[in-house]
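Labels below follow one simple rule: chain letters A, B, ... track the order of the sequence lines, proteins then strands, and each chain is numbered from 1. Everything quoted here is computed from the prediction, not taken from an experiment.
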Amino acid sequence: MDLVIYNSLTRQKEAFVPRVPGKVSMYLCGPTVYNRFHIGNARTFVVGDSMRRILAYLGYEVLYVQNFTDVEDKIIKRAKALGITESGLAEQEIANYFADARRLGISPADVHPRVTEHIKDIVDYIELLIAGGYAYQAQGDVYFAVEKYEEYGKLSNQKLDELVVGSRVEPGDAKRFAADFALWKAAKPSEPSWESPWGPGRPGWHIECSAMVRSILGGHIDIHAGGMDLLFPHHENERAQGEALCEGEPYVKYWVHIAFLVINNAKMSKSAGNFYTAAELLEKYDGKVLRFFLQSAHYRSPLSFDMGLLDSAASGLGRLENAVLALRQAKEFIPKEQAVLTLDFAGYEDKFRAALADDFNTAEAWAVLFDLVKEVNIALARQAFGGRDAAEAEAFLLRLGHVLGVDLASATFLEQHIDELIAKRQSARANKDYQAADRHRAELLNMGIILEDTPQGVRWKKQ
RNA sequence: GGCGGCAUAGCCAAGCGGUAAGGCAGAGGUCUGCAAAACCUCUAUUCCCCAGUUCAAGUCUGGGUGCCGCCUCCA
């Protein structure tokens, strides 16, 4: 089952061949920590986390790195507005990131580097670029000379002269060429700065990733992922920096770009103001509902967002969870029919794996799980399923759900109390005291528990 | 202006040369003390439009139309 990945650089799907057999190095562009991330940002983080899980599921040993940009204009601006230090703000928002991410089922990366911890690596990197003739110093700034890198524009499929037309030149910029970009910015009053061979200043945006990739992962990686909007200029610039020091071997083998969340037919973005933070959505929806929703489309397709779609996702996920719950409660049942019916777990897993190996097609992988659940439900309804088969099906579903970062098991904390109330209701029903029976049922409903009277006995599920 | 993407049922969304996945919503039925769930059946002769290639096209080619994104901070 060979993995195929769409590479933005070649604009086609390619067979995945890691640099080192069996091992994958992957870097995901993380957040600028100046406030909470929104559900659109969350798509990128969730997709990155799932790719990492899928790679592991496919048998690779994965080294996963996600950075925090903790020096940046917006951080400086907001810290000033709040009257706190830049590092204080960054610290707070990094903590918020982890809190929100955990609830979305996103595991911490193997390394979460921060720009401020890698200033020396960045300075060293820039010195190498200057020594190699790729960068020049001008009035305390250092710029990357785009014309020195002949492939500049290849990643975003732009011609250099077209880029010049659209490029921004700030007043006061000391660039030699309009499309050149800053590696190091001379310090401005009341902004954080570090000493460097070019005087006090701070790193430009693009250099951080190249420098951290070099110092942590060794300068060459298999997969570099990020949001679609980072393709240009960020990744184009980063690639130029990376390739400048790469001596023939590609800086990144596979460039992966994740499409946007779309709200009212427009990109969700902080600057447009049309966003919901993950944190506020988490007040109303379980993290796994959000995660399930964010994986309901292929990562390269824009995904529509609105509250109604979240409700739909909750219903859909509920179908999966309830099947798992039914299976758990069916484990003790002896099937009425001999269990002639055996589910083809291997067949389902082949389809599931094939979907994910085809450029991480999570939408199709979920469909495989829904197909299995349908078959399970039919078997359960026919009373042809129970015992060990049910246990096996439950474990299977939980295992595959975990590959996509969603725990399909429901909480068990109240089970004992639930069982007591069900027993009371059952005896009331046996005595045809339906008033009492309904009272117990209402009591359970208050706890968020819904009863189902099935041929195999009473079953319950979460509301 | 340059570059790129998308258009599939009421909604979301797979499929990307072999005769329309899956989810949500909806309708009818079975089951039930009543429910709920589950199950069964139904809901796109058709994939924005027009040409073309092919034995065969949402799927490839050309031309339209509409929408979106990047080119400025942005996941």
For RNA chain B, consecutive-pair runs of 3 or more (Watson-Crick or G-U wobble, both H-bond-type distances under 3.5 Å) give B:1-7 with B:65-71, B:10-12 with B:22-24, B:26-30 with B:38-42, B:48-52 with B:60-64

May I ask you to say what [X] touches in the nucleic acid, namely base, sugar-phosphate or nothing, with a heavy-atom cut-off under 4.0 Å?
| X | result |
| --- | --- |
| A/Phe260 | base |
| A/Asp306 | nothing |
| A/Ala259 | base |
| A/Ser269 | base |
| A/His38 | base |

Restricting to side-chain hydrogen bond (donor to acceptor under 3.5 Å, both in side chains), what partner residues turn up for A/Tyr27, sequence neighbours left out?
A/Asn67

Sequence neighbours excluded, which residues qualify as salt bridge (Lys or Arg N to Asp or Glu O under 4.0 Å) partners of [X]?
| X | answer |
| --- | --- |
| A/Lys253 | none |
| A/Lys159 | none |
| A/Arg319 | none |
| A/Asp306 | none |

Does A/Val406 offer a backbone N or O that forms a donor-acceptor pair with the side chain of A/Lys288 under 3.5 Å?
no

Just by modelled atom types, is the A/Gln12 backbone N or O under 3.5 Å from a matching donor or acceptor in the A/Asn7 side chain?
no

Does a nitrogen or oxygen in the side chain of [X] sit under 4.0 Å from OP1 or OP2 of [N]?
| X | N | value |
| --- | --- | --- |
| A/Asn157 | B/rG4 | yes |
| A/Asn322 | B/rA37 | no |
| A/Ser156 | B/rG4 | no |
| A/Asn41 | B/rC74 | no |

Separation of atom [atom1] in [X] from atom [atom2] in [N], rounded to whole Å:
| X | N | atom1 | atom2 | value |
| --- | --- | --- | --- | --- |
| A/Asn237 | B/rC70 | CG | P | 17 Å |
| A/His235 | B/rC73 | NE2 | P | 14 Å |
| A/Ile258 | B/rC70 | CD1 | C1' | 16 Å |
| A/Lys267 | B/rC67 | NZ | P | 20 Å |
| A/Ile263 | B/rA75 | CD1 | P | 16 Å |
| A/Tyr299 | B/rA13 | OH | C1' | 17 Å |
| A/Asn264 | B/rC12 | CG | P | 12 Å |
| A/Leu290 | B/rA75 | CG | C1' | 16 Å |

Integer angstrom distance from the [atom1] of [N] to that of [M]:
| N | M | atom1 | value |
| --- | --- | --- | --- |
| B/rA20 | B/rA14 | C1' | 11 Å |
| B/rC68 | B/rC12 | P | 15 Å |
| B/rC39 | B/rC74 | P | 47 Å |
| B/rA44 | B/rG10 | P | 9 Å |
| B/rU8 | B/rC49 | P | 11 Å |
| B/rG33 | B/rU41 | C1' | 27 Å |
| B/rC73 | B/rU43 | C1' | 47 Å |
| B/rC16 | B/rG58 | C1' | 8 Å |

With a 4.0 Å cut-off, would you call A/Asp371 and A/Lys351 a salt bridge?
no

Salt bridge check, A/Arg399 against A/Glu394: does any charged N sit closer than 4.0 Å to a carboxylate O?
no

Using a cutoff of under 3.5 Å, can you pull out all pairs of nitrogen or oxygen atoms linking the protein to nucleotides 28-34 of chain B, with atom names and distances?
residue	atom	partner	partner atom	Å
B/rG33	N7	A/Arg429	NH2	3.4
B/rG33	O6	A/Arg425	NH2	3.4
B/rG33	O6	A/Arg429	NE	3.4
B/rG33	N1	A/Asp438	OD1	3.2
B/rG33	N2	A/Asp438	OD2	3.1
B/rC34	O2	A/Arg441	NH2	2.9
B/rC34	N3	A/Arg441	NH1	3.0
B/rC34	N3	A/Arg441	NH2	3.4
B/rC34	N4	A/Asp453	OD2	3.2

Looking only at N and O atoms, is any donor in the side chain of A/Lys74 or the base of B/rC74 less than 3.5 Å from an acceptor on the other one?
no

Test ring-ring contact (aromatic ring centres under 6.0 Å, His included) applied to A/Trp184 and A/Tyr143, step by step:
CA-CA 7 Å; A/Trp184 187 262; A/Tyr143 293 95; over 10 Å; no

Where does the angle between the aromatic ring planes of A/Phe232 and A/Tyr152 fall among parallel (under 30°), tilted (30 to 60°) and perpendicular (over 60°)?
perpendicular

Do A/Phe68 and A/Phe98 have ring centroids that are under 6.0 Å from one another?
yes

Using the six-membered ring of A/Phe260, assess whether NZ or CZ of A/Arg43 lies under 6.0 Å from its centre and within 45 degrees of the ring axis.
no

chi for B/rG58 classified (syn = within 90 degrees of 0, anti otherwise) as syn

Could you go through A/His257 and A/His235, starting from their C-alpha distance and side-chain angles, then the distance that decides it, and tell me whether this counts as ring-ring contact (aromatic ring centres under 6.0 Å, His included)?
CA-CA 10 Å; A/His257 291 95; A/His235 288 163; 5.0 Å; yes

Quick one: salt bridge (Lys or Arg N to Asp or Glu O under 4.0 Å) pairs with a partner in residues 92-105 of chain A, sequence neighbours left out?
A/Arg36-A/Asp100, A/Arg78-A/Glu93

Do any pairs count as a salt bridge (Lys or Arg N to Asp or Glu O under 4.0 Å) and have a residue in residues 265-279 of chain A, sequence neighbours left out, and if so which ones?
A/Asp229-A/Lys267

Can you list the residues that meet the side chain to side chain contact (heavy atoms under 4.5 Å, CB included) rule with A/Ser193, with sequence neighbours excluded?
A/Ala187, A/Pro200

Could you work out which one of B/rC68, B/rG15, B/rA75 sits closest to the side chain of A/Leu261?
B/rA75

Between protein and nucleotides 19-26 of chain B, what N or O pairs are separated by less than 3.5 Å?
residue	atom	partner	partner atom	Å
B/rC24	O2'	A/Ser312	OG	2.8

Residue met sooner reading RNA chain B from 5', once A/Arg43 and A/Arg11 are mapped to nucleotides:
A/Arg11

Sorted by number, residues from residues 223-233 of chain A placing a heavy atom under 4.0 Å from RNA chain B are A/Gly226, A/Gly227, A/Asp229, A/Leu230, A/Phe232

